[in-house]
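Structure first, commentary second.
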There are 2 protein chains.
Amino acid sequence: MEERITVGLVEDQFLFRKGMKAILSSWQDLKVVFESEDGYSVLGKLKEVEEVPQVMLVDLSLPPDGTKEFTGKEVTQTLRENFPDMKIIILSVHKDEDFIAQLIECGAHGYLVKDCDPGEVYEAITSAFHRGSYINARTLKAIQNNINKKTSPRATLFSLEQLTKREEEVLQLICMQLTTEEIAERLFISPKTVNGHRNSLLQKTGANNVAGLVIYAVKNGVIKVM
Amino acid sequence: MEERITVGLVEDQFLFRKGMKAILSSWQDLKVVFESEDGYSVLGKLKEVEEVPQVMLVDLSLPPDGTKEFTGKEVTQTLRENFPDMKIIILSVHKDEDFIAQLIECGAHGYLVKDCDPGEVYEAITSAFHRGSYINARTLKAIQNNINKKTSPRATLFSLEQLTKREEEVLQLICMQLTTEEIAERLFISPKTVNGHRNSLLQKTGANNVAGLVIYAVKNGVIKVM
DNA sequence: TTAAAAACAGGTATTTATACCTGTTTTTGT
DNA sequence: ACAAAAACAGGTATAAATACCTGTTTTTAA
């Protein structure tokens, strides 16, 4: 019998992680050798372990009480740098094409949405291991559309830059229903400055108004809502 | 050997559902006899099935593309009315006490957060079946605090009234970053009417502005954010 | 059928947010 | 030490949201 493929799981929801482990166990040629609940501890845990998994399934839900959240992109990049041979498969609820494309660009070897079936997870793992990647139709489409966007002139204007610390701080206060003046008081700065941050936020996130900003904050884990 | 407890799963995420099924299968005295992916089809499916589950695990994540979403409260109420003997255990990511208390008031027999461990799920199922309910410390606290709120004088002023259909509709459009005028166009009504709904929303939810409304919408599942 | 709730529509006023500018100072990385 | 980015602060204008009213029509439920 051939060596089994060793698999690692990064997933914050305990139940889902255990469920996934149970599912994967039904394939004889897979072996779950690593589990982690968040992006923080992955690296540390991996260095202490004798058996480094060949394929890592990474879920992108954020840890619910993260002071500084570790996004899927960061986890992917970190893993790629430290374990160049490891294949990384992203598991996420996001169907957004930009989002998918960004992950692949960061070095992920595959992308699965969470409503796929167990068979596809298996296929992704084996494909990533044997052929180096698993790109399904949706992922391919996302990558292609993203390339088109990049070559189009609008992309450079609208590109999703990262928020600065101050912007993130302002965004959190906006989500807490504070007005510009209240935020200014809270941060001991001029309302005009807050206004500037507001505008940067709207531009960077592509939102039209506070509603869009709040949604962005929720989606990107800038605030925790549950 | 005694009869096994029959269990049903309502959960939109395919992978999570399968994982949960795999987990539950490790207990010999449980038997998963029913699965549904959304609140809509539960009732219909249950009527076509020969074996109605004794305990139903209901996840509250919303179906990702629901035109008219079926909330956990509605599912609970509907099940209670049509299957009075069935025990209902809610499985959710929400840790909000009001939210938990509301579900229990709607007739749920237990409430679990999604990061609990598999053993607790098993305990909840058996406890609900044999003793009629499973109330853990968190749930109990939520119920108690909710009772306190109700008897306090402020509660009557601030009480979370239910949103009307129209209000919910307007709220969704607000979250989609539409302005009052755009919403009016979309719904073929006067901006003044939309304004009225806006004000009702602010009052009913206790929000100060759109940011608060969006947060409310996310917390209460009025919109789906992922 | 009748009362209550919901949906509708209008008014006035004020506050806040958004969309553009301009520029300086401070921090950061190399 | 230098350039770049971030944080800061000001201006002007307009658009939108919020806070209060008033009332009518339609729908819902008892």
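Given the structure is predicted, the values throughout are model-derived calculations rather than measurements. We name chains A, B, ... by the order of the sequence lines, and we start the count at 1 in each one.
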Rounding to a whole Å, what distance do you find between [X]:[atom1] and [N]:[atom2]?
| X | N | atom1 | atom2 | result |
| --- | --- | --- | --- | --- |
| I189(B) | dA6(C) | CD1 | C1' | 12 Å |
| L163(B) | dA6(C) | CG | P | 10 Å |
| L171(A) | dA17(C) | CG | P | 14 Å |
| I183(A) | dC8(D) | CD1 | C1' | 16 Å |
| L202(B) | dT16(C) | CG | P | 14 Å |
| Q177(B) | dA15(D) | CD | C1' | 16 Å |
| E181(A) | dG10(D) | CD | P | 12 Å |
| R166(B) | dC8(C) | CZ | C1' | 9 Å |

| When the nearest nucleotide of DNA chain C is assigned to L178(A) and to N195(B) on a heavy-atom basis, which residue is associated with the more 5' position? | N195(B)

Have a look at [X] and say if it touches a base, only the backbone sugar-phosphate, or nothing, with a 4.0 Å heavy-atom cut-off.
| X | answer |
| --- | --- |
| T193(A) | base |
| N199(A) | base |
| N209(A) | sugar-phosphate |

What nucleotide, of [options], holds the atom closest to the side chain of [X]?
| X | options | result |
| --- | --- | --- |
| K192(A) | dA9(C), dT18(D), dG10(D) | dG10(D) |
| T164(A) | dA9(C), dA6(D), dT12(D) | dA6(D) |
| R198(B) | dA7(D), dG10(D), dT18(D) | dT18(D) |
| T179(A) | dC8(C), dT16(C), dA16(D) | dT16(C) |
| H197(B) | dC8(C), dA9(C), dG10(D) | dC8(C) |
| T180(B) | dA17(D), dA7(D), dA19(C) | dA17(D) |

| said: Between the side chains of R166(A) and E169(A), is the shortest nitrogen-to-carboxylate-oxygen separation below 4.0 Å, so that they form an ion pair? | reply: yes

| task | Indicate yes or no: does D59(A) engage K114(A) in a salt bridge with an N to O separation below 4.0 Å. | result | yes

| query | Would L57(A) and E11(A) satisfy side chain to side chain contact (heavy atoms under 4.5 Å, CB included), going step by step from the backbone distance to the final call? | reply | CA-CA 8 Å; L57(A) 271 183; E11(A) 157 70 54; over 6 Å; no

| query | Donor-acceptor pair, E37(A) side chain versus F14(A) backbone, under 3.5 Å? | reply | no

| remark: OG1 of T180(A) to NZ of K192(A), rounded to nearest 0.5 Å, is 10.0 Å

